[in-house]
Amino acid sequence: MASQSVLTPQAEDFPRWYQDVVAKAEMADNGPVRGTMVIRPYGYAIWERIQSEIDARIKDAGAQNAYFPLFIPQSYLSKEAEHVEGFSPELAVVTHAGGEELAEPIVVRPTSETVIGEFMAKWIQSYRDLPLLLNQWANVVRWELRPRLFLRSSEFLWQEGHTAHATQEDASDYAMKIHLEVYNDFLNKVLAVPTFLGIKSTRERFAGATNTMTCEGMMRDGKALQMATSHELGQNFAKAFDIYYQSEEGQAALCYTTSWGSSTRLVGGLIMAHGDDNGLVLPPHVAPTQAVVIAVRDEPEVNAACEKIVASLKAAGVRVVLDRGRGSFGRRVTDWEIKGVPLRIEVGPRDLAQGIVTVVRRDNSEKVALGIDAVSDEAPILLETIQRELFQSALDRRDANTCDVASVPEAINVAQTGFARLSWDLIGPSEEAELNNQGLTIRCLQRMDGSIPASELENDLLCIIAKAY
RNA sequence: CGGGAAGUAGCGCAGCUUGGUUAGCGCGCCUGGUUUGGGACCAGGAGGCCGCGGGUUCGAAUCCCGCCUUCCCGACCA
């Protein structure tokens, strides 16, 4: 019996495919309030893998975790003009509590620059207290008009880093360090997503920042997704919240601050960067389950062999589960495929008769026969191969769908299905408006060699133009 | 928030135009049996405030009004 598609094919309707995957892989459901999301155990397990990888990198970069309150006095937001202007439309505000109208409305945090700024001012006395490097894992609320599970929900989970430094150079260097050593490293090595790194144009910049850096990934439909951002906030928030320190010379000086974040949107990006018509495709480094051992039949000898294999894989450090043969084989295979488990190890009587197992890769459906005793040695190697090849094929796909163009009309044409790269000199306010009218945005500005510029005023910059999520 | 479509069992849908007694179908789920190398089959069974609220009517899934939610397209965004 030929396997028939259980999901809407990507080519037929990509957004529908995405929803099908989220539902059928049991990742998330819509919550009862518009824009809210219930993350199911499988989706949350993926998020936990993402969290632990990012958290370890953040700690390596020297930042410490802390926790700040969900509720923020509305007056805090107002202290930074651009910040309040940028976030006002999407704020959820508490006006009543304890059965009474509040004297000052309370905002549900859309991000925590303001509260954290308030406490940085309190904690920072001297240059010896700098740099102050903080991070928090939290939920935030931004009222979304057009929500989509993981990609854009009104409440989402994220990490937000907030740091204070004595000099602009130090702040700038640290934001860059986070951007490269935490975000880009994580995206490349764990999610296997190649990125375009760059800065945002003034129009796309974070509200209150002096500079915003982004990691832009390409999804399988050719659209761009901002997967992490790092901001230099200059002295904007330091001024608003009086974040001063006393220098070695005894002078009072304003700090420079940064902030940087990545969210549950990464789960959506993961789905769309690698998924295919059979469902999710998880890179082994982020897969909660890296291998499933499938007992083709529910028979004592088969089950015993499976259990031995599972034990040997666990000992080899592979995250593995056992699927004992209840229900039809085809059904079980399909279910594991939808969930994107990288390796399927099929064990049946025919295999055992030959002393082998059949190992199938999720990413390319390649099958290999391995001796039973070789599985625990070979599986970790195969997983690394899959991780590497997934990144490579994502990179090939991205490069094949990225074109250098010489004019705005050409860019508009190319960006219907991929990324257009164009000289930044050719873009003025009217050109950017024209692109926006066509449903396109400038995803980032970068140098000719792909590195991150210090500002949009540098000479010879390129911009990446695409449709975006 | 503007334009469009839609909400009937866990999921996908029919029924509504032309109001009328027990609201159907497929998949899934439960029980028993036969099965199991790419979504198995047979038999039996459970499961519904027909999105919510109001109105019209002797009578509403069906007609009218309001609201909520979802999807698509725009404007906004991690």
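Bear in mind that the values here come from a model prediction, so they are computed numbers and not experimental data. Within every chain, numbering begins at 1; the chains are lettered A, B, ... in the order of the sequence lines, protein sequences first and strands thereafter.
When rounded to the nearest whole Å, the span between CZ of A/R297 and C1' of B/A40 equals 13 Å. In this structure, CG of A/D298 is placed 14 Å from P of B/U34, rounded to the nearest angstrom. Between the CG atom of A/D323 and the C1' atom of B/G37 there is a distance of 14 Å, given to the nearest Å. One interatomic measurement links the two molecules: OH of A/Y18 to C1' of B/C71, which rounds to 15 Å at whole-angstrom precision. Look at CG on A/D335: it is 11 Å from P on B/G28, rounded to the nearest Å. The CG atom of A/N30 sits 11 Å away from the P atom of B/U69 (whole-angstrom rounding). Atom CZ of A/R40 is separated from atom P of B/G10 by 14 Å (rounded to the nearest Å). At whole-Å resolution of the value, CE in A/M37 and C1' in B/U70 are 16 Å apart.
If you check B/G38, B/C71, B/G37 against the side chain of A/R344, the one that comes closest is B/G38. Looking at the side chain of A/S328, the nearest of the listed nucleotides B/G37, B/C71, B/A40 is B/A40.
Across the strands present, B/G2 finds its partner in B/C73; the criterion is a Watson-Crick or G-U wobble pair with both atom distances under 3.5 angstrom. Taking a pair to require two hydrogen-bonding distances under 3.5 Å in either a Watson-Crick or a G-U wobble arrangement, B/U17 remains unpaired. Nucleotide B/U31 has B/A43 as its partner under the Watson-Crick or G-U criteria, with both atom distances under 3.5 Å. The nucleotide B/C68 finds its pairing partner in B/G7, both defining distances of the Watson-Crick or G-U wobble pair being shorter than 3.5 Å. Using Watson-Crick or G-U wobble geometry with both donor-acceptor distances under 3.5 Å, B/G48 finds no partner in any strand shown.
Of the inter-residue distances, the one linking A/S262 atom OG with A/R57 atom CZ reads 11.0 Å to the nearest 0.5 angstrom. Atoms OG1 and CD, from A/T36 and A/E144 in turn, are 12.5 Å apart once rounded to the nearest 0.5 Å. Here A/R297 contributes atom CZ and A/L352 contributes atom CG; the two are 11.5 Å apart, rounded to the nearest 0.5 Å.
Using cut-offs of 30° and 60° on the angle between ring planes, the pair A/H165 and A/Y174 is tilted. Ring planes of A/W260 and A/Y183: perpendicular class, angle over 60° (limits at 30 and 60°).
In this structure, A/K24 places its NZ atom where more than 12 heavy-atom neighbours from other residues, nucleotides or ligands lie under 6.0 Å away. Other residues, nucleotides and ligands contribute more than 12 heavy atoms inside 6.0 Å of the CH2 atom of A/W424.
Residues A/D373 and A/K308 are not paired through a salt bridge, judged by the lack of any N-O separation under 4.0 Å between the basic side chain and the carboxylate.
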Determine, for nucleotides 72-78 of chain B in 5'-to-3' order, which nucleotides have protein heavy atoms under 4.0 Å from the base (write B), from only the sugar-phosphate (write S), or from neither (write -). SBBBBBB
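Separation of the P atoms belonging to B/C52 and B/G37 is 43 Å when rounded to the nearest angstrom. For the P atoms, the distance from B/U36 to B/C41 is 14 Å, rounded to whole Å. Using atom C1' as the reference point in both B/C76 and B/U17, the two lie 40 Å apart (nearest Å). Straight-line distance between the P atoms of B/C67 and B/A60: roughly 24 Å, to the nearest whole Å. Spacing of P atoms, B/G10 relative to B/G48, comes out at 8 Å, to the nearest Å. Spacing of C1' atoms, B/C25 relative to B/U56, comes out at 32 Å, to the nearest Å. Remark: the separation of the C1' atoms in B/A61 and B/G20 is 13 Å, to the nearest Å. Between B/A23 and B/C49, the two C1' atoms lie 14 Å apart (nearest whole Å).
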Show the numbers, then the answer: is there a side-chain contact (heavy atoms from CB on, under 4.5 Å) between A/I72 and A/T114? CA-CA 8 Å; A/I72 299 178; A/T114 58; 3.7 Å; yes
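The residue A/G261 sits apart from the nucleic acid: no heavy atom pair falls under 4.0 Å. The residue A/T358 sits close to a base: some heavy atom pair falls under 4.0 Å.
Comparing A/G35 and A/V347 along RNA chain B, the residue whose closest nucleotide (by nearest heavy atom) sits nearer the 5' end is A/V347.
Side-chain N/O atoms of A/R332 include none lying less than 4.0 angstrom from OP1 or OP2 on B/U36.
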